[in-house]
Number of protein chains: 2
Amino acid sequence: MAAARVRSGGRPTLEEVAARAGVGRGTASRVINGSPRVSPHTREAVEAAVAELGYVPNRAARALAGNRTDAIALVVPEPETRFFAEPYFSDIVRGVGAALADTDMQLLLTLVGNDRERRRLAQYLTAHRVDGVLLVSVHAADPLPDLLEQLGMPAVMSGRRSASETLASVDSDNFAGAGAAVGHLVSRGRRAIATITGPQDVYGAQRRLDGYRAAMSEAGLGPDERLIAPADFSEEGGARAMRELLARRPDVDAVFAASDVMAAGARQVLREAGRRIPDDVALIGFDDSAVARHMDPALTSVRQPIEEMGRTMARVLLDEIAGEHRERPQIVLPTELVVRDSS
Amino acid sequence: MAAARVRSGGRPTLEEVAARAGVGRGTASRVINGSPRVSPHTREAVEAAVAELGYVPNRAARALAGNRTDAIALVVPEPETRFFAEPYFSDIVRGVGAALADTDMQLLLTLVGNDRERRRLAQYLTAHRVDGVLLVSVHAADPLPDLLEQLGMPAVMSGRRSASETLASVDSDNFAGAGAAVGHLVSRGRRAIATITGPQDVYGAQRRLDGYRAAMSEAGLGPDERLIAPADFSEEGGARAMRELLARRPDVDAVFAASDVMAAGARQVLREAGRRIPDDVALIGFDDSAVARHMDPALTSVRQPIEEMGRTMARVLLDEIAGEHRERPQIVLPTELVVRDSS
DNA sequence: CCGTATTCTGGGAGCGCTCCCAGAACGGCG
DNA sequence: CGCCGTTCTGGGAGCGCTCCCAGAATACGG
């Protein structure tokens, strides 16, 4: 006759563990949370009881009593097709997951759409549903980062909004990556090296252009604005930009596109114009995505250590939650040029 | 001086909402949970108080008191590179997210590795950390589904383990998809139509082969086992299989690969063998991934409605959690042939 | 107009845990 | 051997909510 109504799916409670180990609830709690102020003998007894009973702490109770949730949110901008595209999303998730594996932190996935939703989100996040927030694909005008900062919620973003980012961030070295791409083209004897840029309100895209410019002047290939065509990270945008470049500088012999997808668009146009890759025009992309590997010819591309970025973001966030380093680290991870057939 | 220690980041509690509305805690709770047993007048008062205070219920307290978590877990097999690859993961997440957007269910992302971890996972999941589980990329021998079933935990999987699946599942019509691919090839006048299969312990891969076989005999192209080459969904596997096929049936004039990635491997081999696509050999893949769109020539492929699968999985799970339909629905969503240049 | 059925409402109990305080047990020193 | 400091321990209080039970308010029939 249901002496005790089945609590929580019949799982043992801390109290039961304590009783079994012959100690008090407080002591059992101490052992489970790794407090040092427990005698070895007692500790063993509690640990044995935990094992025998298959005790797993109730998260909700913990969260309620401890005023924390042991959960972090990965906030993903839903409308951004780009972020969802290979390889970004999967790899970030994989990296974050790896960093969290040894922790008992949970990963909450939160898809948000427009700015209104983002504001509402800030409220929800603070209503103590998470201990910290991972932000990806943040635009310069995004209200969320500042909101989180005001609320004092630990947060780390991938990429930065500007050179003087106030939140903790993990970025890849877009500047050096672009430089390496241009350097490689130069070393292959290319002179009329053009670039197709990403949207300039994305800091990373800015840096790729900066890197291009710096490498060009360093190579003594003075600035020629006709070699710079703006686009928006899309395939169609890449194609359009390539057409412009061809019109303005028909002698172009290399193109550095700030994303693989734009490179794919450019390739299409080059092919239609009868230019052979890499013989007539060398082509380099950015991201080292599946698109690059399967393009024909296989695309040389600048690889970002995305999985490692995810891992690093998670680690930085965990530190921040633990109350360490209040100095908002700005981490920049190296990029790497992956040379294939297109250059 | 700190009359009340800042609770929960200073957020209002139900009690405060109730006080402000001039009602009891119970009544306030009823309004917030949409109980009908509240007078319209009272309801309005509470709703006003909620709005003024910006009240958001504390999840942990709710979970503890209500013995539910309002959270579901998406369990992702970590070692499986395939699942993480385009387009599966992103699209499933997107679909699930969309279905959950109107709910206040949270999405927990759980990456699991080997079987040992999976067993441990079952324990954690039951320790009432989630109300339900979404399983993707399940193998025939996976212990997790049965574990969840025993524990009575609501669960839905993508794909099935066999024809007689006991858990709720959402699958795509692999059989019809394969049939459509073969039918298309036949209608283009191909006769020596080969197939490169996926691992046969994956039910979906089985069904694709079944669909191929059925369509072949229907077209009067009797069975020829030499036209069937097994592989493992990998690019290298696809290449190997293609070499076999070329050796066994040099007259092959079409290949249906059970995944785009395998098709990419096959394309490589065909090209090296001097066979033109589609002139000499037509090629069709499965998944309609980015790889297909960017392949040269663009790959004809069978599209699965992955995002919709995600949405459907979430909906079925929510129903199951709500206690509806205990009959474990087996849903099969239609596939669609996307014809491009390779066939 | 009263009794009874029917709504509506307030608040006690309790979910399982952490925090913290006070008391018990132990140790070292004079 | 007694005193005080230190370590260890038990358990009360409380986190914010839901569940549920009585009691209050209202409605209805005779």
Side-chain angles (χ1 to χ4, degrees), chain A residues 2 4-46 49-50 53 55-71 104 126-129 131, chain B residues 3-46 49-50 53 55-71 104 126-129 131:
Chain A
R5 170 149 149 268
V6 184
R7 317 158 267 54
S8 229
R11 307 219 58 88
T13 69
L14 223 211
E15 199 93 38
E16 282 160 20
V17 170
R20 172 134 196 162
V23 303
R25 181 171 26 83
T27 304
S29 172
R30 250 164 255 136
V31 172
I32 282 154
N33 292 291
S35 158
R37 350 198 93 273
V38 184
S39 73
H41 177 257
T42 308
R43 177 178 305 278
E44 268 172 42
V46 174
V50 166
L53 263 33
Y55 171 75
V56 181
N58 179 315
R59 272 183 175 262
R62 236 185 200 175
L64 184 56
N67 201 42
R68 66 187 163 120
T69 59
D70 288 335
D104 65 343
T126 4
H128 259 290
R129 289 173 26 173
D131 294 342
Chain B
R5 169 151 147 267
V6 184
R7 318 158 266 52
S8 231
R11 310 221 51 93
T13 69
L14 223 210
E15 198 93 39
E16 282 161 20
V17 170
R20 171 136 196 161
V23 302
R25 180 170 28 81
T27 304
S29 172
R30 249 163 256 137
V31 171
I32 283 155
N33 291 292
S35 158
R37 348 200 93 273
V38 183
S39 72
H41 176 258
T42 308
R43 177 178 305 279
E44 269 172 43
V46 174
V50 166
L53 262 32
Y55 171 76
V56 180
N58 180 314
R59 275 187 172 256
R62 239 188 197 170
L64 184 56
N67 201 41
R68 67 188 161 117
T69 59
D70 289 336
D104 66 344
T126 1
H128 259 292
R129 288 173 28 173
D131 293 343

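Small disclaimer: the values here were computed from a predicted structure and weren't measured. We name chains A, B, ... by the order of the sequence lines, and we start the count at 1 in each one.
Residues A/Arg62 and A/Arg68 meet the side-chain proximity criterion, which asks for heavy atoms closer than 4.5 Å. Using a 4.5 Å cut-off on side-chain heavy atoms (C-beta onward), B/Leu64 and A/Arg59 make no contact. Here the side chains of A/Leu14 and A/Ser29 are in contact, with some heavy-atom distance below 4.5 Å. The closest side-chain heavy-atom distance from A/Asn58 to A/Thr13 is not below 4.5 Å.
For C/dG10, one of the phosphate oxygens OP1 or OP2 lies less than 4.0 angstrom from a side-chain nitrogen or oxygen of B/Thr27. At least one side-chain nitrogen or oxygen of A/Asn33 sits closer than 4.0 Å to the OP1 or OP2 atom of C/dT18. At C/dC17, none of the side-chain N or O atoms of A/Ser29 fall inside 4.0 Å of OP1 or OP2 (strictly under the cut-off). Between A/Arg62 and C/dT18, a side-chain N or O to OP1/OP2 separation shorter than 4.0 Å is present.
To the nearest angstrom, C1' of D/dT26 lies 16 Å from NE2 of B/His41. Between B/Arg25 atom CZ and C/dC8 atom P the separation is 20 Å, expressed in whole Å. The distance between atom CD of B/Glu15 and atom P of D/dG14, rounded to the nearest whole Å, is 13 Å. For the pair A/Arg68 CZ and C/dC17 P, the computed distance is 12 Å after rounding to whole Å. In this structure, B/Asn58 atom CG and D/dG16 atom P are separated by 7 Å, rounded to whole Å. Distance CG (A/Asp104) to P (C/dC17): 13 Å, rounded to an integer number of Å. Rounded to a whole Å, the CD atom of B/Glu44 is 17 Å from the C1' atom of C/dT9. Between the C1' atom of C/dG16 and the CG atom of A/Asn67 lies a distance of 16 Å, rounded to the nearest Å.
Judged by closest nucleotide on DNA chain C, B/Ser39 is the one of B/Ser39 and B/Ala61 placed further toward the 5' end. Map A/Thr42 and B/Ile32 each onto its nearest nucleotide of DNA chain D; the residue landing nearer the 5' end is A/Thr42.
Here C/dC8 is the nucleotide among C/dC8, D/dC17, C/dG16 with the atom lying nearest to any side-chain atom of B/Arg37. Distance from the side chain of A/Arg30 is smallest for D/dG11 among the nucleotides D/dG11, C/dG16, D/dC20. Among the nucleotides D/dG10, C/dT9, D/dC15, the one closest to any side-chain atom of A/Val23 is D/dG10.
Between the side chain of A/Arg59 and the base of C/dG16, no donor-acceptor pair under 3.5 Å is found.
Nearest heavy-atom pair across A/Arg20 and A/Ala49 is CG-CB, 3.7 Å.
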